[in-house]
Amino acid sequence: MSFLLNFLVFFPMLMAVVIYCRAFKSEKANNFIIIFTTVAELAGVCVLYGFSKSEVTLDFFCSFGITFTFGSFRTVMATITTFVWLAGMLFARDWFDSVENNKRFYAFALLVLGATLGVFFSKDFMTMFMFFEIMSLTSYVWVAHAEDDASKKAAPTYLYIGIIGGLSMLTGIILLYSICGTLDFNVIYGSAKTYPVRIRTIAGICMLVGFGAKAGMFPLHVWMPRSYPAAPTPGTILLSGVLSKCGVFGITLLSCWLLGGVKVWGTTLLVLAVATMFFGALLALFSTDMKRTIACSSMSQVGFILVALSMLVLSGQSNLMGVSGTILHVLNHSLIKTCLFIICGVVYMINKSTDLNEIKGSCRNKPFFMICFILVTCSIAGIPGFSGYISKTLMHESIVEYIEILEHYGRPVAIYKFSEIMFLVSGGLTFAYMTRLFYILFIAKNEKHKNCESALNYISVPVGIVLGITALSMLIMGLTPHKTMDSIAHYSASFFLRSSAYDVKYFSTANLKGAFISICIGIAVLLLIGMKFLTRKTNDGEVYLDRWPKWLDIEYLVYRPLLSILALLGATIARAYETLSALLVLGPVNIIFHNAEAEWIPHQDNNFNVYSKKNKISIVRESFSYDLILACVGIAVFLIFILIRVSIIF
Amino acid sequence: MKIFTLLSVLFPIICGFALLIWKPQNRKPRNIYSMVVVCITSVFVLITLFQTVNYGSESVRFEIYHLDDILSLALSPDKASVVFGAIISILWPITTVYAFSYMEHEGKETKFFTFFIITYGVVAGIAFSANFFTMYLFYELMTLATLPLVMHSMDAKARSAGKKYLIYSMCGAALIFVSLIILILYGNTLNFTYGGILNTEMVKGNETFLQFIFIIGFFGFGVKSAIFPLHDWLPSASVAPTPVTALLHAVAVVKSGAFAIMRLIYFGFGTAILYGSFAQSVVIVASAITIIYGSAMALRTPHLKRTLAYSTVANLSYILLAFALMTPDGLIGGFMHMICHAVIKITLFFCAGAILHCSELENICDMENLHKKMPVTCAVFLISSLSLMGIPPLCGFTSKWTIATAATALGNWQGIVGACALIVSAVLSALYLIPVAVRFYFPLKGVKELSEEIHEADKKMTVPMILLIVIMLVLSVTGHHIYEFLSSIPGIGGSI
């Protein structure tokens, strides 16, 4: 068992080195290695289902040792990871011309795969932090890979937010270690209640910065709308499908294992989650670029997941639907985004752009795409009968249930009512931007694409199969929720330290009503904002306008000015220090030698004289170095004398 | 075999002078001679260390000159010396190989190797000395022996740097002298004893005075390890040839300062009268300020070697901070960082030197897309900067973690200040190292053709770098062995 876990984490890293060093000359061999590695990983993860929970320790590592474990949610996440990776790698073959030119991308993709699995399998914070950092730094290469203007702008932001997040996480871990004396999840969970809540919360919030940055949580989301479009599409699939889930995984861990039932934590998380959910959807609606729309949608969907998580924290042990909602939406979102980014990538390959005005109507005669896109859209918008509806219903129910509990005890519920409304509104916005995207891609007319042929050669067969299966699974899972989705949720629930025994009638009127309200809001938004405010009709068809104010960008409005002010402040203080120290030491010296007529004389290279009253030609006898040598000779003579005198030498 | 203790100090000093007399005209005999001397010395040092570990400190004690019961010149390596001795005995030969190739373009190689070899003996003397008197002697000898190396190129910049170095060192020596005299007056002996050498009866009533004297001594030795406000010589000294900046100004000289401070705290004044006093607060705050100051200055400096020098200023204060915690964990953390930082920083300097040597580039903003021409150097730089930033599982992380947890374990505001300084500095070090490494691989200004003259460094430079990376990786993996060894230093195992 220990072999399999180590294999899963370290094998792709090894293969990354093989690819990067060009161990095999032929492109076919390299191609084979890449696909073989991902398939082997997927198979390896599937084997894990057959074993009972156990753990592995490698204690020679880095003086702390690393520990792995698997089971429940971890295994499910690992399965999603490897599956999305397979899809991403298959699509990468279409996207890049050849392995040889892009070995950097492939090598780092495999490296990140190992690190990501390491994060999901980790059993203590140290292991988790280690792999999280590796993942964070190596995935930078994807964002910077294109080396064009967009990636040059996006990559530093990605890197710095990752680094600052990572170090903030380290602060939290050190704090946690100082109160707990251990970093093992199980031990911390067992004794968490005995540690002061205040320090636990501070440690948790420090770590939240790290995890939240990776998940794209407001206000650390700034890298997301920039980096996703900048990365090559196969990289974006992985960033959105898996890496953002690493952040969610970490936040889940904190919420359930360290800070379960802590009110401050739950409220903080809820506020941030609602902001992420709503602003993400809003950004997606206003975006004029397909890839950016989907990127912002990622942010919004992470917000949905975090809302369910915060409900989990607030309601303590009772909230069971939140557990399933979280698990299933993580699963759904990964699959949905894989499909959407594949489609987006193909659209880019057809048009060499993802700008909405460029791509409109470009998929009019591609029925396969249309079907896939419809399935995915229905799922993400939460249309009854699709998998997204199930997870969204569960998350919605978890809010409603909590409100009911609070009302029962007569506590204020305004903030939760508000969250519920925002939940429905964001759901509506999701419907609106996805439908708008659908309209633009498949219905809008464009002279340019009138004569396109409808052959299936725009997509390679393996990618088409993956796309088709994934899209179809949305419908299948959505139609048989009790058999498929509930069992996945039950299997994963033990990670959340709760059972997930509940009985929800997904297709009851109360639940359908929520979806109905959401869709109604969506249609209203689409008609009022999407069709009127963001679209202008001209003679050449429709033009999609960028109505988002340019100055409204947190990165350029807040972070960068803040950083430069801090840097300026630091530099000023540092310079002041420097002057002070120079005054302290060199000041008195200058006073003493105020009247001295000394000068520094450059001299022949063979002598190293420093200080002389006059400029002389030969200076060996009078030079400082000569004195120095004499002093050293004296000491040497002294030592030799002692050597001779002392009798205990031999 | 006590003779090896003496030989590891005396042999390189004598052989160094012999080189000055011999003045070989050709490169080859000189290089062979230097290499042989350095290797033999390393063997002597390692044999001594081996004996120390296996047979204890007494088996290698060598008394050179016995003046009276207090003043005597004696060498007696203990386990703390083993750490420092091992660092220098491994890094010195590697640097020598690097210097062969590098010094070809600096010139004046005879002079360089003379003092380079002499310094080896002197630093070994600091590591092995048995009492404060011997250590003070070698400590001052080190100032003199390294001065010609700092001023090697003899242009205006180098001379000014040398002058600065000398003045700062003399200031430090004066402060050290004061504290040594007081130690003699209030102590039983000058021999290093874990727990302190002060006479408990005489100390009574004079605690505040002695704590004040300790602060003076701390800043006196702190000159060499570049504690604020006495750090200024170190960035200036980066004009010296790279082997000097790498070995002396990142390892030997500056670590001697930290090592001496360790002796002063744990083996001189003793933690008993210092722990929890105002003196401890002063030194912790001073270290914390230096850490942040050094990192901030490194961030604002465009010149690569100076950036690294400022980074050294910050990292040395990590070590001082750890020692100033005055707990066994702090001592272990300090030694861990001493080892890790030595290996990492020397590698970074080697890379900077290789770039300077092969492409004549000094400023960070010009080093765009260098990996096309210098793949090995760039890869080495990347790995070692990740290590210095403290990215797990590389070794810089282990030491930083040990120090940070030791600081928080202190449980008072000083500990929090120290830990916060570490975290802020970690962020800053990421900010000043990552842009350099990123520039190598992802040019920011846009791809432009590099000049034809840029080429990869030759084997004499790349092999030491790769060797150091291997050592770094071994250190990363064997972190807990080092931790265990350090825990076995006498006195650490128990309480304070």
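Keep in mind that this is a model prediction, so the values were computed, not measured. As a basis for the values below, the full set of heavy atoms in this structure was taken, side chains included, without hydrogen atoms, waters or symmetry mates. We name chains A, B, ... by the order of the sequence lines, and we start the count at 1 in each one.
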Greatest number of heavy atom pairs closer than 4.5 Å to chain B - which of Ala155(A), Ser178(A), Ala144(A)
Ala144(A)
I'd like to know whether CG of Asp149(A) has more than 12 heavy-atom contacts from other residues, nucleotides or ligands below 6.0 angstrom.
no
Any chance the side chains of Tyr293(B) and His231(B) put a donor and an acceptor closer than 3.5 Å?
yes
Side chain, backbone, both or neither: which part of Ala409(B) has a non-hydrogen atom closer than 4.5 Å to chain A?
neither
Using the rule side-chain contact (heavy atoms from CB on, under 4.5 Å), only one of Leu220(A), Leu167(A), Thr171(A), Ile161(A) pairs with Val209(A); which is it?
Leu220(A)
Does one side chain, of Ser425(B) or Ser295(B), offer a donor that lies under 3.5 Å from an acceptor on the other?
yes
Sort Ile164(A) into side chain, backbone, both or neither according to what part of it lies under 4.5 angstrom from a heavy atom of chain B.
side chain
Which bit of Leu137(B) comes within less than 4.5 Å of chain A, counting heavy atoms only: side chain, backbone, both or neither?
neither
Go through the structure and list residues passing ring-ring contact (aromatic ring centres under 6.0 Å, His included) with Tyr160(A), not counting sequence neighbours.
none
Is it the side chain or the backbone of Ile434(B) that comes within 4.5 Å of chain A heavy atoms, both, or neither?
side chain
With a 4.5 angstrom heavy-atom cut-off, is it the side chain or the backbone of Ile179(A) that approaches chain B, or both, or neither?
neither
Does any heavy atom of chain A fall under 4.5 Å from the side chain of Leu428(B), the backbone, both, or neither of them?
neither
Set of salt bridge (charged side-chain N to carboxylate O under 4.0 Å, His left out) partners for Glu140(B), sequence neighbours left out
none
